[in-house]
**Q** 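Before I ask anything, let me first share the structure, which is written out below as structure tokens.
Being a predicted model, the structure only gives us computed values, none of them experimental. Sequence lines set the chain letters: A, B, ... in the order given, protein chains first and strands last, and positions in each chain run from 1. All values below come from the heavy atoms of this structure, side chains included, with hydrogens, waters and symmetry mates left out.
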Number of protein chains: 2
Amino acid sequence: MTTTLTDLAGPGPLPDQDARTRVLETAYRLFYRHGLRATGIDRIIAESGVAKASLYRHFPTKQALIEAYLDVRHARWMDWLETRLAAQASAAQWLAALPDALDDWFRAPGFRGCAFINGHAEVGSEAPPMTVQHKRELAQRIERACREAGLAGPGDRAADLLLAVEGAIVRAQMEGADAARAPLQRAFSRVLA
Amino acid sequence: MTTTLTDLAGPGPLPDQDARTRVLETAYRLFYRHGLRATGIDRIIAESGVAKASLYRHFPTKQALIEAYLDVRHARWMDWLETRLAAQASAAQWLAALPDALDDWFRAPGFRGCAFINGHAEVGSEAPPMTVQHKRELAQRIERACREAGLAGPGDRAADLLLAVEGAIVRAQMEGADAARAPLQRAFSRVLA
DNA sequence: ATGTTGACAGACAGACCTGTCTTGTTCAAG
DNA sequence: CTTGAACAAGACAGGTCTGTCTGTCAACAT
């Protein structure tokens, strides 16, 4: 499965998949676009064309649906990143190309920041574990690239890059992609120098 | 007025100020701690010991109360920053001391990230203008320091520092202050080098 | 043919939401 | 002393929230 940029913004229009898939895809789109609390079960019911009993058969609580959404989101985002950077021949090039890849994401229609940052900001400390787990896996992926690129101190290096990535996501969300592009590029250049 | 770190986390216990102040201080604490949507009017009523009619006399809608909260938050946060860094003799020292000041904030009891990032993440594009205005004023303050320190390209420099600051706030919120401290310090060292 | 399974449709419960309104009290200015 | 503003307490309206429950229907296996 290769995840495209539009998959990250929202799913396709209206598939005639089974009820569970329709619920999850609709929740995916609404949760990301409008937030967790702002999205009610009734709206997910209406827009997915599914009976309420069917939703609660597959997802016993709204919390369970949120967690399923975050799991899918994590898988798709990581998959998109790998696909987007698959053409890079070396780990060094992979790292150097990361800012451009993120810039593509920031400019994608429907971009509304990081679902995990937003989710964590919304529900606070009682957030599902995936909100923080996603960031850890991204940090590990970046650290692996640093190690494979033969950089000294890959752990610190990855932490520095992740700090810049998080900052760029927030900047792009609040001020637009243009506000994040150049600073992110410069931050990467400095860390990888 | 000098704003202390505990003022940023939540106001004092229960003053016998007038009704408007009690409402605003209670809203300040609850909105920051639990989020905008999660905090209902009834709870603000109950914890501030104020009649509902009194609340609605001073703040015609919840939205107006949210905007008043963000205004106060902005003023207090900027005031805290100036106070915290007032001892720095030069603009260069002011900039160099910023990471330590932020680290203090990250370690303050009740720290739950940036109220403006969180607010923007929660309500999305219909967010009050103050959510983005706060960041612009902070960027201007940093840019001024860069200019006064005689650094070349103060605009770009400030944008780079702000990116690191935003990233550090998010990292500290999700993983704790320790995860943000060293990367933020290194990012500042590189940009100011 | 009969029973099972999944889905649709929607009423319903109980809680909570924002916002309005009523009633009674306190207190201070005219 | 009177008048009016600010306030406390809380009922109330109308809506939305999550989650449960009752029925009906179609597909499919036995």
**Q** Without decimals, in angstroms, what is the distance between L55(A) CG and dA7(C) P?
**A**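 From L55(A) CG to dA7(C) P: 11 Å.
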**Q** Tell me the interatomic distance from I45(B), atom CD1, to dC16(C), atom C1', rounded to whole angstroms.
**A**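 In whole Å, dC16(C) C1' and I45(B) CD1 are 14 Å from each other.
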**Q** Given dA9(C), dT18(C), dA8(D), identify the nucleotide with an atom nearest to the side chain of I41(B).
**A** dT18(C)
**Q** Look at the side-chain N and O atoms of H58(B) and state whether any lies under 4.0 Å from the OP1 or OP2 oxygen of dC7(D).
**A**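 Result: yes.
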**Q** Should the pair E25(A)-R76(A) be classified as a salt bridge under the 4.0 Å nitrogen-to-oxygen rule?
**A**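 The answer is yes: the pair qualifies as a salt bridge.
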**Q** Kindly point out which of dA8(D), dA11(D), dA11(C) is positioned nearest to the side chain of K52(A)?
**A** dA11(C)
**Q** Can you tell me the distance, in whole Å, between the CZ atom of F59(A) and the P atom of dG6(C)?
**A**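 Rounded to whole Å, this separation is 15 Å.
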**Q** Does the plane of the ring in H134(A) sit parallel, tilted or perpendicular to the ring in W77(A)? Use 30° and 60° as the thresholds.
**A** perpendicular
**Q** Counting only side-chain heavy atoms from C-beta out, which of dA7(C), dC17(C), dA6(D) sits nearest to D42(B)?
**A** dC17(C)
**Q** Could you check whether R84(A) pairs with D100(A) (Lys NZ or Arg NE/NH1/NH2 to Asp/Glu carboxylate O, under 4.0 Å)?
**A**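 Between D100(A) and R84(A) there is no salt bridge, as every charged N stays at least 4.0 Å from the carboxylate O atoms.
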**Q** Quick check for you: among dA8(D), dA7(C), dG19(C), whose closest atom lies nearest to any side-chain atom of Y56(B)?
**A**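 Nearest listed nucleotide: dG19(C).
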**Q** Which nucleotide in the list dC7(D), dT18(C), dT18(D) gets nearest to the side chain of R22(B)?
**A**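 Nucleotide nearest to R22(B)'s side chain: dC7(D).
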**Q** How long is the line joining NZ of K62(B) and C1' of dC16(C), in whole Å?
**A** 11 Å
**Q** Would one find a side-chain N or O of R57(B) under 4.0 angstrom from OP1 or OP2 of dA6(D)?
**A** no
**Q** What integer distance in Å separates R43(A):CZ from dG19(D):C1'?
**A**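 The distance from CZ of R43(A) to C1' of dG19(D) comes to 20 Å, rounded to the nearest Å.
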**Q** Could you work out which one of dT20(D), dC7(D), dG19(C) sits closest to the side chain of T61(B)?
**A** dG19(C)
**Q** Quick one: do R171(B) and E166(A) make a salt bridge, cutoff under 4.0 Å?
**A**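 Between E166(A) and R171(B) there is a salt bridge, with a charged N closer than 4.0 Å to a carboxylate O.
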**Q** Consider the side chain of A53(A), meaning its heavy atoms from C-beta on, and name the nucleotide among dA9(C), dC7(D), dA8(D) that approaches it most closely.
**A** dA9(C)
**Q** Nearest whole Å is fine: how far is dT18(C) P from L36(B) CG?
**A** 11 Å
**Q** Roughly how many Å is it from CG in D18(B) to C1' in dC27(C), rounded to a whole number?
**A** 15 Å
**Q** I want to check something: taking the side chain as every heavy atom from C-beta on, are F31(B) and I44(B) in contact at a cut-off of under 4.5 Å?
**A** yes
**Q** Within the structure, does a side-chain N or O atom of S54(A) lie under 4.0 Å from either OP1 or OP2 of dG6(C)?
**A**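 No, because none of the side-chain N or O atoms of S54(A) sits under 4.0 Å from OP1 or OP2 of dG6(C).
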